[in-house]
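Side chains are part of it too, since the values below use all heavy atoms of this structure and drop only hydrogens, waters and symmetry mates. Keep in mind that what you see is a predicted model, and the values were worked out from it rather than measured. Just so it is clear: chains get the letters A, B, ... in the order the sequence lines come, proteins before strands, and each one is counted from 1.
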2 protein chains.
Amino acid sequence: MKKETRKEEIINTSAKLFKEKGYSAVTMRDIAKAMGIKAASLYNHIDSKQDILIAIIIALAEDFTKGMELIKKAKTGSLEKLEQIVVLHVNITSNNTDGMASLNNDWMHLEGQLEYYLKLRVEYEDHFRDIIKEGIKKNEIRDGNPEIMMFSILSTLRSLYLWIPKKEDVGAAELALGLSKVLINGINK
Amino acid sequence: MKKETRKEEIINTSAKLFKEKGYSAVTMRDIAKAMGIKAASLYNHIDSKQDILIAIIIALAEDFTKGMELIKKAKTGSLEKLEQIVVLHVNITSNNTDGMASLNNDWMHLEGQLEYYLKLRVEYEDHFRDIIKEGIKKNEIRDGNPEIMMFSILSTLRSLYLWIPKKEDVGAAELALGLSKVLINGINK
DNA sequence: GTTATTAACTAACAAGTGTTAGTTTTAAAT
DNA sequence: ATTTAAAACTAACACTTGTTAGTTAATAAC
């Protein structure tokens, strides 16, 4: 655990505020006040408000891309791959619930990097869908609408940032296991 | 279909813009421009920007509350009740995808009615959880963490507003059916 | 055809926005 | 002790924000 730089402090403080009110509703003065300094002082460490948002979102998006690369490569079955995706989301989200709020809700306020972000997201979803389709073909996954399946699972995983902070008692491993069970086997007896 | 009043036009236009950029990033001038009038003219029909948000969110929240009342009363099994909840979400969301974006993402910007909104939401979730717990007790639902089950299903249903506009070819009934299957039975073969 | 009523307009306000310039303090290096 | 660099400060800028006041145009009622 190396101690975070002032810049990282700004980014983390901003992410926390962005989670509460959204990027547009948070002012540079809000961020400064939360750190006990003046707004102008922030500019000794960052170039603009926009740069803070980019730092938060792009780092996370690339984490997901890297994780998906590994899962794609693995020579495991479709259901194991889906379980690994669940673990990926639980892990990344556990480490940065605040940032995940921006990734989910404030990506449209990206200015220079919007196209890059969208590219990463589309690729991620394409790989996700491929895993499901492959599973259906190999008879490991029930025959159904793969679009609905992906939407359902991904919606749940994308909402984890809201849920994890409220359930601190549930460990990451336990949560991933419980989620995998529900997402893969449903709730029907 | 009675023709919508000017006030309703403002609310619907606003909801559409709020969905794209969020409440805070949309200005009264944006709303006016989208309607081909000047910002000041909006105030002949509404009292404040805040009132627009309240109109969008509270109406939807009360629709959900009413729907849940009916489902709660019904003398059906737990799984049927869950299916009815899916239908409720699909129907309300299909009729107002734009408004659902505000309900999900901009509720924290409610000023006078925030507590009321939160009360409705907590009650809704309480009833939802009760249905799952009842189902487990009656052996209709797999024995597992009811909190995770509710979170998973509700996350999916709350994301419908993102998904329905992209899949216009899938009808409401068909979607509700496919979703129920996936949420209740999972994807495992 | 005059009168109300509705809904648009122009102009402006006070407060808040991100950001810059220039200066002072703090702390480390020589 | 002096110099240097990092990080804080004050003050201000140009612009945008929600909203109000006062006025004019369009529509319906009599």
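- The base of dA8(C) sits with one of its N or O atoms less than 3.5 Å from a complementary donor or acceptor on the side chain of Asn44(B).
- Nearest nucleotide to the Thr27(A) side chain, out of dG18(D), dT19(C), dT17(C): dT17(C).
- For the pair Gln50(A) and Arg29(B), both in contact range of DNA chain C, the more 5′-proximal nearest nucleotide belongs to Arg29(B).
- Between Glu69(B) and Lys66(B) no salt bridge is recorded (no basic side-chain N to carboxylate O distance below 4.0 Å).
- Picking from dG18(D), dA7(C), dT19(C) the nucleotide with the shortest atom distance to the side chain of His45(B) gives dA7(C).
- Taking atom CG of residue Leu17(A) and atom P of nucleotide dT17(C), one finds them 13 Å apart after rounding to whole Å.
- Set against dC9(C), dT19(D), dC9(D), the side chain of Ser48(B) has dT19(D) as its closest nucleotide.
- The side chain of Lys38(B) lies closest to dC9(C) when the candidates are dT19(C), dC9(C), dG18(D).
- At a threshold of 4.0 Å, the pair Asp30(B)-Lys33(B) does not count as salt-bridged, since none of the basic side-chain nitrogens sits closer than that to a carboxylate oxygen.
- Nucleotide dC9(C) holds its P atom 13 Å from the NZ atom of Lys33(B), rounded to whole Å.
- In this structure, Ile10(B) atom CD1 and dT6(C) atom C1' are separated by 13 Å, rounded to whole Å.
- Separating the CD1 atom of Ile46(A) from the P atom of dA8(D) is a distance of 12 Å, rounded to the nearest angstrom.
- Between Phe18(A) and Tyr23(A), the angle of the ring planes goes over 60°, which puts this pair in the perpendicular group of the 30/60° scheme.
- In this structure, Met28(B) places its CE atom 21 Å from P of dC13(C), rounding to the nearest Å.
- Dashed line: the shortest gap from a side-chain N or O of Lys49(B) to OP1 or OP2 of dG18(D) is under 4.0 Å.
- The distance from atom CG of Leu42(A) to atom C1' of dT10(D) is 15 Å, rounded to the nearest whole Å.
- Residue-level contact check: Ser41(B) touches the bases, meaning some heavy atom is under 4.0 Å from a base atom.
- The one candidate from Ile184(B), Leu160(B), Leu157(B) that meets the side-chain contact (heavy atoms from CB on, under 4.5 Å) condition with Val86(B) is Leu157(B).
- Between the C1' atom of dT19(D) and the CG atom of Asp51(B) lies a distance of 13 Å, rounded to the nearest Å.
- Following rounding to the nearest Å, Asp47(B) (CG) and dT19(D) (P) show an atom-to-atom distance of 10 Å.
- Between the side chain of Asn105(A) and the backbone N or O of Asn105(B), no donor-acceptor pair lies under 3.5 Å.
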